[in-house]
Amino acid sequence: MNFDPDTLKYDDKGLIPAIAQQEGTGEVLMMAWMNAASIARTLETGHVTYWSRSRQSFWAKGESSGHMQRLVEMRIDCDRDCLLLVVDQTGPACHTNRRSCFYTAVTEEGEAELMKPMV
């Protein structure tokens with residue numbers, strides 16, 4: 001089956017949210033944005049490449065930190081407007097050096113830090 005990234009539903013900036021999830025554990029690691037070209041690069045190379053909104057350029061996960069994401073499977077949600085990337089993450093996924101970007105919980109007392117940065 002051939003897949004065409006242009007069949008997805010993008011926002012007015014040509015972007016689609018992509019959630020990275022660790023293979024095997026189901027741990028949610030991060031959320032970032034992709035465009036049709038970064039999706040095509042990811043599928044071609046097997047190395048997850050996002051679109052950096054701040055730099056307006058491709059962002060190959062781990063190219064500077066070494067904390068790579070190898071694509072295991074790409075899934076499309078029912079509305080075709082969000083992606084789930086099942087990945088094999090090397091090292092922390094978050095720029096704060098934590099395993100996941102979702103390290104803060106909202107509790108009755110306020111916010112609680114769930115994990116410390118990795119050593």
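All residue numbers in this chain count up from 1 along the given sequence.
Taking CG of Leu43 as the start and OG1 of Thr49 as the end, the distance is 10.0 Å to the nearest 0.5 Å. One finds the CD atom of Glu44 at 13.5 Å from the CD1 atom of Ile39 (value rounded to the nearest 0.5 Å). A distance of 12.5 Å separates CG of Leu71 from CE of Met68, quoted to the nearest 0.5 Å.
The heavy-atom pair separating Ala18 from Met34 by the smallest distance is CB-SD, 3.6 Å. Ile19 and Cys82 get closest at one heavy-atom pair: CD1-SG, 4.1 Å. In terms of heavy atoms, Ala20 sits closest to Val87 at CB-CG2, 4.4 Å. Looking at every heavy atom in both residues, Tyr50 comes nearest to Trp33 through CB-O, 3.3 Å. Met31 and Pro17 get closest at one heavy-atom pair: CE-CB, 3.3 Å.
In this structure, Thr45 contributes its side chain and Arg41 its backbone to a donor-acceptor pair below 3.5 Å.
Evaluation of the side chain to side chain donor-acceptor pair (under 3.5 Å) rule for Thr42 yields no partner, not counting sequence neighbours. Listed by chain and number, the residues in a side-chain contact (heavy atoms from CB on, under 4.5 Å) with Met115 are Arg98, Arg99, Ser100, Tyr103 (sequence neighbours excluded). Residues satisfying the salt bridge (Lys or Arg N to Asp or Glu O under 4.0 Å) test with Lys9, not counting sequence neighbours, are none. Thr7 pairs by the side-chain contact (heavy atoms from CB on, under 4.5 Å) definition with Phe3, Asp4, Arg80, not counting sequence neighbours. Listed by chain and residue number, nothing satisfies the salt bridge (Lys or Arg N to Asp or Glu O under 4.0 Å) test with Asp81 (two or more places apart in sequence, or in another chain). Under the rule for a side-chain contact (heavy atoms from CB on, under 4.5 Å), the partners of Thr25 that lie at least two apart in sequence or sit in another chain are Gln22, Glu27. Residues satisfying the side chain to side chain donor-acceptor pair (under 3.5 Å) test with Arg75, not counting sequence neighbours, are Glu73. With sequence neighbours excluded, the residues forming a side-chain contact (heavy atoms from CB on, under 4.5 Å) with Val72 are Glu23, Arg70, Val86, Asp88, listed by chain and number. Shown here are the side chain to side chain donor-acceptor pair (under 3.5 Å) partners of Gln89, two or more places apart in sequence or in another chain: Gln69.
Cluster membership for Trp51 and Leu84, using ILVMFWY side-chain heavy atoms within less than 4.5 angstrom, is shared.
Every pair tested for salt bridge (Lys or Arg N to Asp or Glu O under 4.0 Å) that includes a residue from residues 47-58 fails, sequence neighbours excluded, so the list is empty.
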Show every donor-acceptor pair shorter than 3.5 Å between a side-chain atom in residues 57-64 and any protein atom, with sequence neighbours excluded, or say none if there are none.
residue	atom	partner	partner atom	Å
Lys61	NZ	Ala93	O	2.5

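Here the side chains of Leu83 and Ile76 are in contact, with some heavy-atom distance below 4.5 Å. Leu85 is listed as a side-chain neighbour of Met74, based on a closest heavy-atom distance under 4.5 Å.
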